[in-house]
Amino acid sequence: MRKTTRSRLLSAAVATAISAATLLAAADAGAVMSCDSITRLKGGAPAGPVVYISGGLQPLIAELAKILFADPTAPITLVQKVQGSCIGLGSLLDGTPPLSGVGNYWDPDSTSTSPTSKQENCNLPGGDAGAPANVDLAISDVFPASCRPTLASVPPPFADFFGPIQMFNFVVPAASQQQAISAEAAYFVFGFGSASGVAPWIDNNFIIRRNSGSGTQVLLGTAIAVPAARWAGIDGLSSDGVLNKLTSLTTAEEVNKAIGIVAGDYSVRPGLRQLAYQHYGQRCGYLPDVKPNDKQNVRDGHYPLWSPVHLLARVDPNTGLAVNPNVRRVIAYLTGVSPPPQGLDLISVEARQQFVSPCAMSVARKTEMGPLSQYTPPRSCKCAYDNATAGTSCTPCTQSSQCPTSAPSCNFGFCELQ
Amino acid sequence: MSRRSRWVGLVALATIALAFLACNGLLGLGDFAISDIDDASDDRTTAGGDGACADGETSDADLAVVCYPCNPLTTEQLLNACTGAQCLPFDRTRLTKLLPDGGLPPLPPDPDAG
């Protein structure tokens with residue numbers, strides 16, 4: 001009996017010690033550093049100056065961030081808080097909401113693999129509601145007017161720079177028999193739900209939408225003339241939610257009557273299939289790609305469901321350039337004006353993530369789903385983009401003197417017309 | 001008899017050839033090749049005209065029927081420009097709730113509206 005009591009006491013002591021050790025370990029593991037004082041994982045030296053980013057485009061930001069973090073001459077630390085397009089815009093313009101909570105940054109020496117490779121967390125400095133924002137760069141899928149209808153354009157001292165082109169898609173489960181949708185059909189399906197009259201999309205429970213704050217729903221709603229707040233169907237809650245709902249259906253009947261919306265990167269996920277889209281006034285529908293991943297129909301205007309990613313920052317009214325020189329550099333890389341350091345092939349990265357580099361476009365627009373016009377990029381990368389996707393017959397080059405008169409400009413490794 | 005038959009045959013052939021040339025010249029039958037829009041098609045087969053325009057030339061092709069063969073400048077022309085890309089038309093007969101004039105009805109009332 002005495003032995004049993006001693007055993008109990010011993011067990012309790014051991015349990016207490018284990019609990020204390022566990023708590024200490026947990027506290028240590030949860031010790032996230034402040035984003036204002038990030039140090040390198042290897043060596044512990046202070047990282048480069050921080051650029052605070054609010055909004056989306058995280059997979060692309062992650063690739064650029066790793067390179068800039070390790071830039072031996074002028075490192076920059078990109079810290080991002082992933083937020084909806086309109087939330088990011090509000091954080092920049094008037095600090096509502098302020099950037100707070102946990103941010104992400106990318107250290108090449110990190111062993112983290114999820115949700116993006118080399119991703120680490122830090123505590124954002126925060127700020128009182130209504131106080132000046134601490135966002136340096138807001139990234140939005142949609143034009144500012146789509147978030148705040150009273151804004152014809154982003155007000156001074158801010159400016160809107162057009163970054164990579166993002167496509168948006170109507171998608172169905174891969175096993176669906178459906179191949180195409182028109183703007184009129186989408187108007188009925190997403191405007192009327194079960195009463196659409198467009199078989200087989202006549203069951204509200206299998207029409208998977210996002211919400212009125214989603215850039216995808218805002219842009220597609222503008223395209224088909226169904227305001228984002230008026231959509232029928234079920235809220236997928238996130239892109240992953242839409243993907244999961246559409247890919248978890250089991251019967252052929254359910255599969256065939258299901259439809260959803262996603263941005264380009266999700267439209268190529270296993271289990272989903274893009275629908276060809278036929279716009280108002282268009283005589284036929286088109287998929288985004290002609291050859292695998294080439295986005296030819298996006299680039300030439302046949303697939304109109306796209307928008308430039310918007311890079312919004314405080315600018316110098318005299319130069320029109322971002323006030324913060326590090327923000328200026330990030331914008332220059334993402335708009336294709338300057339190549340990123342250390343040979344990062346951002347064109348290939350964008351192509352892999354289903355974006356189109358602005359310099360690979362032949363059409364442009366100035367408002368949400370607004371009129372299309374022909375576009376000649378100041379420094380074309382059409383050959384480089386083709387090379388990164390479906391292949392190119394353009395002449396490779398390292399300098400313009402190697403190029404023929406028909407394509408005299410050596411851009412991004414290939415001879416281009418301009 | 002044999003010579004007469006040959007003569008009649010030649011006259012018949014010449015008549016048919018002349019009739020075809022006249023129709024083609026008057027109606028431009030050879031200028032259009034409209035695909036079955038229920039099937040996926042290559043847009044080059046539906047070009048209005050020869051699919052080639054001189055610099056600066058425009059076309060008044062009916063873009064509900066054929067693709068735009070010249071240098072596209074407007075949204076409508078860019079959306080419908082002739083291309084080698086495969087196209088997949090949506091069958092408009094599936095739209096069962098169109099108004100009698102073919103237009104779209106207004107959206108249902110907003111349940112959140114006051």
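As the structure is a computational prediction, the values presented were derived from the model and not from experiment. Computed from heavy atoms alone, side chains included, the values below leave out hydrogens, waters and symmetry copies. Throughout, protein chains are lettered first and strands after them, A, B, ... in sequence-line order, and every chain is numbered starting at 1.
- Annotation: cation-pi geometry not satisfied between A:Arg210 and A:Trp231 (NZ/CZ under 6.0 angstrom from ring centroid, within 45° of ring axis).
- With a threshold of 4.5 angstrom between heavy atoms, B:Leu73 approaches chain A through its backbone and through its side chain.
- Proximity to chain B (any heavy atom under 4.5 Å) is restricted, for A:Ala225, to the backbone atoms N, CA, C and O.
- Listed by chain and residue number, A:Lys382 satisfy the side chain to side chain contact (heavy atoms under 4.5 Å, CB included) test with A:Ser362 (two or more places apart in sequence, or in another chain).
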Can you list, pair by pair, the side-chain donor-acceptor contacts under 3.5 Å of residues 180-192 of chain A, counting residues two or more places apart and other chains?
residue: A:Ser182; atom: OG; partner: A:Ala185; partner atom: N; Å: 3.0
residue: A:Tyr187; atom: OH; partner: B:Pro105; partner atom: O; Å: 2.5
residue: A:Tyr187; atom: OH; partner: B:Leu107; partner atom: N; Å: 3.3

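- For A:Val198, the parts lying near chain B are the backbone and the side chain together; criterion is any non-hydrogen pair under 4.5 Å.
- Between atom SG of residue A:Cys284 and atom OH of residue A:Tyr277 there is a gap of 13.5 Å, rounded to the nearest 0.5 Å.
- Proximity to chain B is limited to the side chain of A:Gln178, based on heavy atoms less than 4.5 angstrom apart.
- Interface remark: A:Tyr303 contributes no atoms to any contact with chain B (heavy atom separation under 4.5 Å).
- Note that CG of A:Leu237 and OG of A:Ser214 are 11.5 Å apart. Values are rounded to the nearest 0.5 Å.
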